[in-house]
Amino acid sequence: MGLSGWLGGRELSKALFIKTWGCQMNVYDSARMADVLAPVGYRPVDRAEDADMVILNTCHIREKAAEKVFSELGRLRALKRRKAMAGGRLIIAVAGCVGQAEGAEIMARAPYVDMVFGPQTFHRLPEMVAAADAAPGQGVLDTEFPAESKFDFLPEEQGTQGISAFLAIQEGCDRFCTYCVVPYTRGAEFSRPAADVLAEARRLLKGGAVEITLLGQNVNAWKGEAPGGGDWGLGRLLREVAQLDGLGRLRYTTSHPSDMDDDLIAAHAEIPALMPFVHLPVQSGSDRILAAMNRRHTADDYRRVVEKLRASRPDIGLSSDFIVGFPGETEADFADTLRLIEETGYAQAYSFKYSPRPGTPAAGLDDAQIPDAVKTERLAALQALVNTQQLAFNRAMVGRTMAVLFDRPGRRPGQLLGRSPYMQAVHAEAGPERLGTLAEVRIGGAHANSLSGRLVEAANRDAGPPLEASA
Ligand code: SAM
Ligand code: SF4
């Protein structure tokens, strides 16, 4: 407990608001920042207006994501002024990959920011807060890549994650795709030891988690120290986590096609709790572009991985990331991407216009950059195709009965919202006692982005004998 958190033996509670952009790893990091700050008196609140400290946990993956940070900072500056005029104080912090990549620029452009730090140093938050308290207006910058692993210094989680929890098992990336900032902002690949992962998983389950998603920038490259010595791969780790008491569902993300080994693929056939859904980004269907991206696999390599996954788990649903308008991408390259999508058939997919990121090799390919209008056109065509596939995938669920993990109230009273094994949002009439539980739902309706259904016991009352569970 820092001295600043106490007054006359009484803990001074201070309010913390964290705004999170970007990937699930940032969601995980935000929860851990709250854990780090709890012992020095900060408790989470839902609005910046109520906070004594606001942390913007940022994403640098595309230009737009980074721009949003500066416009949010403008709003926070006004809030800081209002608080100061009322005799209060607001600490503003920028965390995450924008902090890591643009720390000095943020300090120069937004001198009212009190602290800037990156993804690898937030375990030092109490020291940074103490430094910011000791010298207000000075600005604290901590964007080094420390020799120590932050995981060795983080306190145990405070159970802030709820029913569906993220667990970071791997960080950083050594692949250096030519468009991507992650190896520069998150640093080198690092795998947490299996014993640490299992201990954290046990705590999450004890704290009420039903579903755990193992996270990593390149999660299937995880190769962690095994409890008895030697190394385990991700397939083995999944088998071990699956045996923990209370686990209902297990997922992992994000995977690189080249790291999808046979043991991991076999795990999909063997582990009932492992959901039949894999996010497996391919980025492009053109071998020329894949080579220029330094992906180190061809479109056919990807097809073979998909084939093996489907052989292992025939009902598997796939998702992917695509980048359109990578420098030098021709109409023929783009047609190859559409062809790969048509052949593969996705349950859903994320797609982005290529965004040059400072310091990455592809950003320097000045002659080959694709005009924005062309990127817009290609993105629309790709998304139209993916949307058609997503709707077809959703429609194929109608009439099936599947387990849904209800994790929030629905839009209408008496309704809950949950996730199917394939991450589809599912609405159903259900009482609040179902929140946080897995329940069988018979799917009656399919829409572009969601499903609707009835709890099996309710459906049975109206429709005779129960259906076989099909997912
Ligand atoms: N590690 C994962 C992988 O290898 O696919 C995902 C990393 S990244 C956080 C998530 C996605 O952002 C990528 O899969 C890619 O589609 C997209 N992305 C990364 N850099 C980009 C850029 N410069 N422009 C557009 N999209 C980008
Ligand atoms: Fe970025 Fe490529 Fe690493 Fe994924 S594999 S994080 S896209 S460098």
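A quick note: this is a predicted structure, and the numbers were derived from the prediction, not measured.
Across every non-hydrogen atom of Phe151 and Ala168, the tightest pair is CZ-CB, 4.1 Å. For the pair Ala403 and Pro421, the tightest heavy-atom approach, listed with the atom from each and the gap, is O-CD, 3.3 Å. Across Phe334 and Arg378, no two heavy atoms sit closer than the pair CZ-O, 3.1 Å. Of all heavy-atom pairs spanning Leu385 and Leu338, the tightest one is CD2-O, 3.6 Å. Summarising the geometry of Pro39 relative to Val36, their closest heavy-atom pair is CD-O, 3.2 Å, with the distance given to 0.1 Å. Smallest separation of non-hydrogen atoms from Leu247 and Val241: CD2-O, 3.8 Å.
Between the side chains of Asn449 and Gln390, at least one donor N or O lies within less than 3.5 Å of an accepting N or O. Glu440 and Thr401 share no side-chain donor-acceptor pair at under 3.5 Å. A side-chain donor-acceptor contact under 3.5 Å links Ser30 and Asn57.
By the 4.5 Å heavy-atom criterion applied to side chains, Phe117 and Arg124 are not counted as neighbours. A heavy-atom distance below 4.5 Å is not found between the side chains of Thr254 and Met25. Taking 4.5 Å as the limit, every side-chain heavy atom of Arg175 sits out of range of all side-chain heavy atoms of Gln217. At a threshold of 4.5 Å between non-hydrogen side-chain atoms, the residues Ile341 and Phe322 count as touching. Val324 has its side chain out of reach of Thr337: every pair of non-hydrogen atoms, C-beta onward, lies at least 4.5 Å apart.
Looking at Trp222, its side chain never comes within 3.5 Å of a backbone N or O of Gly216 through a donor-acceptor pair. Checking side-chain atoms of Lys64 against main-chain N and O of Ser355 turns up no donor-acceptor pair under 3.5 Å. At least one donor-acceptor pair under 3.5 Å links the side chain of Thr388 to the backbone N or O of Ala384. Of the possible donor and acceptor atoms, one in the side chain of Asn26 sits under 3.5 Å from a partner among the backbone N and O of Thr58. Of the possible polar contacts, one joining the Thr121 side chain to the Asp142 backbone as a donor-acceptor pair under 3.5 Å is found. Panel note: side chain Gln170, backbone Ser191; no donor-acceptor pair is recorded below 3.5 Å. The backbone N or O of Ile265 sits less than 3.5 Å from a side-chain atom of Ser312, completing a donor-acceptor pair. Looking at Asn394, its side chain never comes within 3.5 Å of a backbone N or O of Leu391 through a donor-acceptor pair.
Residue pairs satisfying the salt bridge (Lys or Arg N to Asp or Glu O under 4.0 Å) criterion with at least one member in residues 412-436, sequence neighbours excluded, are listed as follows: Arg434-Glu457. Sorted by first and then second residue, the ring-ring contact (aromatic ring centres under 6.0 Å, His included) pairs involving residues 181-209 (not counting sequence neighbours) are Phe176-Tyr184. Applying the salt bridge (Lys or Arg N to Asp or Glu O under 4.0 Å) definition to pairs two or more places apart or across chains, those involving residues 285-295 are Arg288-Asp333.
For Arg203, the salt bridge (Lys or Arg N to Asp or Glu O under 4.0 Å) criterion is met by Glu156, Glu157, not counting sequence neighbours. Partners of Ala347 under the side chain to side chain contact (heavy atoms under 4.5 Å, CB included) rule, at least two apart in sequence or in another chain, are Phe277, Phe393. Partners of Arg202 according to the side-chain hydrogen bond (donor to acceptor under 3.5 Å, both in side chains) rule, which considers only residues two or more places apart in sequence or in another chain, do not exist here. Legend: residues meeting salt bridge (Lys or Arg N to Asp or Glu O under 4.0 Å) with Arg357, ordered by chain and number and at least two apart, are absent. Every residue two or more places apart in sequence or in another chain that forms a ring pair (Phe, Tyr, Trp, His ring centres under 6.0 Å) with Tyr350 is listed here: His279. Shown here are the salt bridge (Lys or Arg N to Asp or Glu O under 4.0 Å) partners of Glu200, two or more places apart in sequence or in another chain: Arg32, Arg192. Contacts of His256 classified as ring pair (Phe, Tyr, Trp, His ring centres under 6.0 Å), with partners at least two apart in sequence or in another chain: His297. In terms of the side chain to side chain contact (heavy atoms under 4.5 Å, CB included) criterion, residue partners of Ser420 (sequence neighbours excluded) are, by chain and number, Met402, Tyr422, Gln424, Val426.
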Less than 3.5 Å apart, which donor and acceptor atoms pair up between the side chains of residues 225-238 and the rest of the protein, not counting sequence neighbours?
from: Arg236; atom 1: NE; to: Glu240; atom 2: OE2; distance (Å): 2.8
from: Arg236; atom 1: NH2; to: Glu240; atom 2: OE2; distance (Å): 3.0

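Taking 4.0 Å as the cut-off between side-chain N and carboxylate O, Asp315 and Arg313 count as a salt-bridged pair. With salt bridges taken as basic N to acidic carboxylate O contacts below 4.0 Å, none links Asp261 and Lys223.
Annotation: Tyr354 is in aromatic contact with Phe326 [ring centroid separation under 6.0 Å]. Checked against the 6.0 Å centroid criterion, the rings of Phe352 and Tyr179 do not qualify as a close aromatic pair.
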